[in-house]
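We count residues from 1, following the sequence as given.
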Amino acid sequence: MTICVWCARTFEPPVTLQDLLRWRPLPVPALCPSCRERFTPITGAHCPACGRQQTTTIRCHDCERWGTETLTNRALFQYDAGMKAYMQQYKFQGDYALRKALQAPLYQALAQQSYDVLVPIPVDQRTWLTRGFNQVTGWLRGQPFQQVLRVKADHKSQPQSAKTRAERLVMPQPFMLDAAAAKIIVNQRVLLLDDVYTTGRTLRHAASQIYLGGAKAVTSLTLAR
């Protein structure tokens with residue numbers, strides 16, 4: 001028996017014949033079946049630019065409005081009621097144990113990406129003081145990454161979740177490169193990692209700085225869209 005990190009109920013992890021034939025310790029799932037079903041994976045047709053679930057494989061209306069400013073993003077789950085509930089408890093209420101809930105699908109997605117350097121989106125000093133952790137790097141325990149971006153010290157902004165779409169789109173550049181960034185990202189393929197793709201403004205600001213540091217390609221991966 002194991003305990004679900006979200007609902008705290010005990011459950012019996014399913015075991016397949018393939019699991020038994022591997023002759024190695026079985027992975028322990030962090031979520032019970034009921035909590036896993038609260039997330040909706042993005043499967044089948046999706047926007048090739050932002051990863052949004054849709055019925056076609058052409059660029060969605062939001063991405064068309066970006067014009068020629070492109071950034072290819074892959075998203076794992078839909079930002080629906082289940083994902084919002086998860087983010088509320090993990091990100092906004094600071095339940096750090098919930099970092100384990102979605103590590104397995106995230107690690108699988110990272111293994112399928114082509115990149116040289118993984119760069120998580122940073123949080124500002126206020127968030128560190130109030131929450132005590134970066135929700136993105138919380139998922140990356142045991143995964144190699146480079147924190148080459150920092151939020152500018154003079155950047156004052158309300159949380160992204162509290163902004164309208166129009167306010168997000170005109171957000172000034174919040175990031176700067178770490179002094180050692182050039183040695184890490186020059187001529188490298190960089191994968192940005194963030195929690196939610198909403199308008200794409202934050203990721204584009206980050207990509208702009210990464211390109212200034214000499215990266216040859218920048219793509220992004222988000223947990224939700």
Side-chain angles (χ1 to χ4, degrees), residues 48-51 63 66-76 87 90-91 94 96 99 102-103 106-161 163 167-225:
C50 70
C63 289
W66 282 106
T68 59
E69 188 179 349
T70 60
L71 175 69
T72 301
N73 181 73
R74 168 82 168 90
L76 304 186
M87 289 294 182
Y90 171 55
K91 179 178 177 179
Y96 191 55
R99 72 190 186 280
L102 296 175
Q103 283 179 330
L106 177 60
Y107 292 0
Q108 292 173 6
L110 286 172
Q112 296 169 359
Q113 301 294 306
S114 297
Y115 65 94
D116 302 310
V117 181
L118 178 63
V119 175
I121 297 298
V123 297
D124 59 25
Q125 186 66 22
R126 181 181 62 181
T127 300
W128 270 114
L129 293 175
T130 56
R131 186 195 303 153
F133 65 92
N134 178 341
Q135 74 278 4
V136 180
T137 58
W139 292 316
L140 294 174
R141 295 292 295 271
Q143 292 287 316
F145 65 88
Q146 296 290 339
Q147 192 70 79
V148 299
L149 287 173
R150 290 186 291 143
V151 178
K152 294 178 180 177
D154 61 352
H155 178 71
K156 301 187 186 318
S157 176
Q158 64 184 141
Q160 290 292 299
S161 58
K163 294 180 180 179
E167 290 172 332
R168 291 172 191 247
L169 290 174
V170 297
M171 176 182 71
Q173 173 62 268
F175 304 121
M176 61 183 295
L177 287 174
D178 187 85
K183 297 178 182 178
I184 298 170
I185 63 176
V186 167
N187 294 323
Q188 299 295 298
R189 298 169 302 165
V190 174
L191 178 66
L192 297 170
L193 180 65
D194 203 3
D195 50 9
V196 180
Y197 183 114
T198 306
T199 63
R201 178 73 276 175
T202 297
L203 286 167
R204 282 174 169 80
H205 273 319
S208 176
Q209 289 293 71
I210 295 296
Y211 274 123
L212 286 176
K216 66 179 180 181
V218 183
T219 55
S220 61
L221 176 69
T222 57
L223 201 67
R225 171 68 172 102

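- How far OH of Tyr115 is from CG of Leu192: 12.0 Å, rounded to the nearest 0.5 Å.
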* Begin with the C-alpha distance, continue with both residues' side-chain angles, and end with the deciding distance and a verdict on side-chain contact (heavy atoms from CB on, under 4.5 Å) for Leu110 and Leu191. => CA-CA 9 Å; Leu110 286 172; Leu191 178 66; 3.8 Å; yes
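- Of all non-hydrogen atoms in Cys50 and Arg225, the two that sit nearest each other are SG-NE, 3.2 Å.
- Taking every heavy atom of both residues into account, Val148 and Ala181 meet most closely at CB-CB, 3.8 Å.
- Counting all heavy atoms, side chain and backbone alike, Gln147 lies closest to Pro122 at NE2-CB, 3.8 Å.
- Judged purely by atom type and a 3.5 angstrom limit, Arg204 has no side-chain atom pairing as donor or acceptor with the backbone of Arg201.
- Between Trp139 and Phe145, the gap from one ring centroid to the other reaches at least 6.0 Å.
- For the residue pair Thr222 and Asn73, a side-chain donor N or O sits within less than 3.5 Å of a side-chain acceptor on the partner.
- Of all heavy-atom pairs spanning Asp195 and Met87, the tightest one is CB-CE, 3.7 Å.
- Applying the side chain to side chain contact (heavy atoms under 4.5 Å, CB included) test to Gln209 and every residue at least two apart in sequence or in another chain returns Leu149, Gln173, Phe175, Met176, Leu177, Leu212.
- Rounded to the nearest 0.5 Å, atoms CD (Gln135) and CD1 (Ile121) are 10.0 Å apart.
- Atom CG of Leu140 is separated from atom OH of Tyr107 by 6.5 Å, given to the nearest 0.5 angstrom.
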* Check step by step if side-chain contact (heavy atoms from CB on, under 4.5 Å) holds for Ser220 and Asp194. => CA-CA 8 Å; Ser220 61; Asp194 203 3; over 6 Å; no
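- In this structure, Asp116 contributes its side chain and Arg189 its backbone to a donor-acceptor pair below 3.5 Å.
- The distance from the CZ atom of Arg74 to the OH atom of Tyr197 is 14.5 Å, given to the nearest 0.5 Å.
- Distance check: Leu203 CG to Ile210 CD1 gives 11.0 Å after rounding to the nearest 0.5 Å.
- Of all heavy-atom pairs spanning Val186 and Gly213, the tightest one is CG2-O, 3.3 Å.
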* Trace of the side-chain contact (heavy atoms from CB on, under 4.5 Å) decision for Leu106 with Leu193 -> CA-CA 10 Å; Leu106 177 60; Leu193 180 65; 3.9 Å; yes
* Show your reasoning for whether side-chain contact (heavy atoms from CB on, under 4.5 Å) applies to Leu118 and Leu221. => CA-CA 10 Å; Leu118 178 63; Leu221 176 69; over 6 Å; no
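- Across all their heavy atoms, Val123 and Trp128 have their closest contact at CG2-NE1, 3.6 Å.
- Going from atom CZ of Arg131 over to atom OH of Tyr90 covers 8.0 Å, rounded to the nearest 0.5 Å.
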